[in-house]
Number of protein chains: 2
Amino acid sequence: MTDRPADGPLPPRPRRRATTDPARTEPRLTRAEIVRAALRLLAEQGYEAFSMRRLAAGLEVKNPSLYWHVQHKEELFDLIADAVVGECPLPAPAGAEDWSGQLAEIARGLRRAMLAHAAAVPLLSGRPFLGPNGLRLADRVAGLLRGAGFDDRTAGHGYLLLLYYVVGFVGQETAFGPGETGEARLHAMHRTLAELPAGAYPHLTALSTAITERGLDDRFELGLRGLLSGLAAELPAR
Amino acid sequence: MTDRPADGPLPPRPRRRATTDPARTEPRLTRAEIVRAALRLLAEQGYEAFSMRRLAAGLEVKNPSLYWHVQHKEELFDLIADAVVGECPLPAPAGAEDWSGQLAEIARGLRRAMLAHAAAVPLLSGRPFLGPNGLRLADRVAGLLRGAGFDDRTAGHGYLLLLYYVVGFVGQETAFGPGETGEARLHAMHRTLAELPAGAYPHLTALSTAITERGLDDRFELGLRGLLSGLAAELPAR
DNA sequence: ACCTGAACACCGTTCAAGT
DNA sequence: ACCTGAACACCGTTCAAGT
């Protein structure tokens, strides 16, 4: 019972080469290369064009080869997601003074990382961030909150709150397809709201311009501020 | 230019029958029936077993028939998502007094609706809620917040915040597959955290029991409370 | 108006076989 | 250890044709 968990998505299968093997050849594929190629394919062709076969073709390899490196598409998606999360810069674990600002920085960084791979966002959406990079991020956030004086439970839910917000926000802002810019999407959304049958959704139509007149960055900051002040309100003694 | 927008997912194609047709037969399929059957198929076989062909089989119809009622799978998914959202009960639009409590009720209702169709959750995750039920929900929430004294922009972002939180939370709590109960998933998560390489993620491992010792309902309420108090902090005059 | 047969152009994945 | 050929069991979608 001391072996590693069998079902987790993460234990990368051992990639040690047998040292006794005389006729060594470099493997043509690496997990890292596969993930890089997958991100490129996503960027160039979009999410719905992604397939294992296309990915293999891009790597100049027959498609069954991928299955030596990766159990299945889902596992590859786990790796891709973790790679994207890994591009979120983490501030050096500093003092407890400005926890709120540091959290905001992390949130912005995660959003930027996701926007840099907009076509990969749909595949991040429902996925728990349990890859090494995701865990590192979680640990950093948890550390920040604990350092600030939050009790363990609140620290935990603070992390989740932040995560849900960023993933939810970016998920929606990229929902209309990666072809258009964020601002173009905002305008489309505004038009959609403005075109609703008059009087059917009075509050929504009233909100339509207020919601869309400022940019997406602004909106992100607004929600982020609310979220952080909500957290601050639960800080115990101080 | 007065015709309805061509690309929106929502304008249900006109389903009026020609009144002059003499030999009338009832159509064997309806959009509503298709959606119902789809939800049943999801519940019985799970998300990854879902296919248009299986759905057609369940309806005792050949699969191309579906394409007379629905443009493509994506459009069907829009309909399914809206049906699930439609099961969220909306409190009667009451006075402004307890906006926070009413918002919480809506959030709980939406979570329950999603959990009642756990296998449909992955398909809700990245999707904007622009169906009639989604719009109704948005309008109600917006109305609540405006009635409470929030300005239009804050009302808008309040709605989004709530939505992201609920969808994010339920997305994660159902992420490990619909086969297991929520509590079983919590234990699995706890085990995952506890089994992390010692010392690699100190804060996470420290949090692992605190995070999982209370049930998911508790955790949901905690985050919800934080979110609502964050919103309250932005209420202007009062 | 509504449904079907037949077909197109794909998928993810397995597995015996090569090197 | 790593990659391939060939195949299996599917997909979503189209379209001419039936009623």
Side-chain angles (χ1 to χ4, degrees), chain A residues 7 9 12-35 37-38 41-42 45-80 119 122-123 177, chain B residues 7 9 12-35 37-38 41-42 45-80 119 122-123 177:
Chain A
D7 45 341
R13 62 175 63 188
R15 295 197 36 74
R16 302 297 82 228
R17 48 199 56 170
T19 53
T20 41
D21 189 351
R24 278 258 27 88
T25 28
E26 282 302 307
R28 307 180 41 186
L29 253 39
T30 319
R31 284 187 149 218
E33 283 168 343
I34 292 175
V35 170
L41 177 55
L42 283 167
Q45 317 248 26
Y47 175 71
E48 79 278 7
F50 182 91
S51 81
M52 295 297 270
R53 296 172 109 107
R54 290 237 246 263
L55 176 56
L59 286 160
E60 287 175 307
V61 145
K62 307 300 170 185
N63 64 90
S65 311
L66 295 174
Y67 290 89
W68 198 90
H69 300 270
V70 143
Q71 295 191 51
H72 34 239
K73 204 177 155 192
E74 264 325 279
E75 194 195 16
L76 176 55
F77 280 2
D78 282 335
L79 297 175
I80 296 174
L123 118 210
Chain B
D7 46 341
R13 62 174 64 187
R15 295 199 35 74
R16 301 297 81 228
R17 49 198 54 167
T19 52
T20 40
D21 189 352
R24 277 262 23 91
T25 27
E26 283 301 307
R28 307 180 43 186
L29 254 37
T30 319
R31 284 189 148 217
E33 283 168 342
I34 293 174
V35 170
L41 177 55
L42 283 167
Q45 317 247 29
Y47 174 71
E48 78 279 6
F50 183 91
S51 81
M52 296 298 269
R53 296 173 110 108
R54 291 238 247 261
L55 176 57
L59 285 161
E60 288 175 306
V61 144
K62 307 300 171 187
N63 64 89
S65 311
L66 295 174
Y67 289 89
W68 198 91
H69 300 269
V70 143
Q71 295 191 49
H72 34 238
K73 205 178 156 192
E74 268 319 284
E75 193 194 17
L76 176 56
F77 279 3
D78 282 335
L79 297 175
I80 296 174
L123 121 208

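The structure displayed is predicted, hence computed values, not measured ones.
- One can place CD of A:Glu74 at 12 Å from P of C:dG12, the figure rounded to the nearest angstrom.
- For A:Gln71 and D:dC2, the CD to C1' distance is 17 Å, given to the nearest whole Å.
- Taking 4.0 angstrom as the limit, B:Lys62 places none of its side-chain polar atoms (N or O) nearer than this to OP1 or OP2 of C:dC3.
- Listed here is the closest heavy atom pair of A:Glu75 and A:Arg31: OE2-NH2, 2.9 Å.
- Nucleotides of DNA chain D nearest to B:Asn63 and A:Val61 differ in position, and the one nearer the 5' end is that of A:Val61.
- Going from atom CZ of A:Arg31 over to atom C1' of D:dC2 covers 15 Å, rounded to whole Å.
- Using a 4.0 Å cut-off, no side-chain N or O of A:His72 falls inside it from OP1 or OP2 of C:dT14.
- Rounding to the nearest 0.5 Å gives a distance of 5.0 Å between CD1 of B:Ile34 and NE2 of B:His69.
- Taking atom NE2 of residue B:His69 and atom C1' of nucleotide D:dG12, one finds them 17 Å apart after rounding to whole Å.
- Nearest nucleotide to the side chain of B:Lys73, out of C:dC11, C:dC3, D:dG12: D:dG12.
- Across every non-hydrogen atom of A:Lys62 and A:Ala56, the tightest pair is C-CB, 3.9 Å.
- At a threshold of 4.0 angstrom between heavy atoms, the contacts of A:Ser65 include nucleobase atoms, whether or not backbone atoms are also involved.
- Separation of the P atoms belonging to C:dA9 and D:dA9 is 22 Å when rounded to the nearest angstrom.
- Contact check for B:Leu55 versus B:Leu76: side-chain heavy atoms found under the 4.5 Å cut-off.
- Going from atom OH of A:Tyr67 over to atom P of C:dA17 covers 22 Å, rounded to whole Å.
- Of the possible donor and acceptor atoms, one in the side chain of B:Ser51 sits under 3.5 Å from a partner among the backbone N and O of B:Arg54.
- Regarding A:Leu66, its CG atom lies at a distance of 14 Å from the P atom of D:dG5, rounded to whole Å.
- Residue A:Leu59 contributes atom CG, which lies 16 Å from atom P of D:dC2 at whole-angstrom precision.
- Positionally, the nearest nucleotide of DNA chain C for B:Arg53 lies more toward the 5' end than for the other of B:Arg53 and A:Pro64.
- D:dA7 is paired with C:dT13 under the criterion used here, namely a Watson-Crick or G-U wobble arrangement in which both key atom distances are under 3.5 Å.
- Distance CD (A:Glu33) to P (D:dC2): 12 Å, rounded to an integer number of Å.
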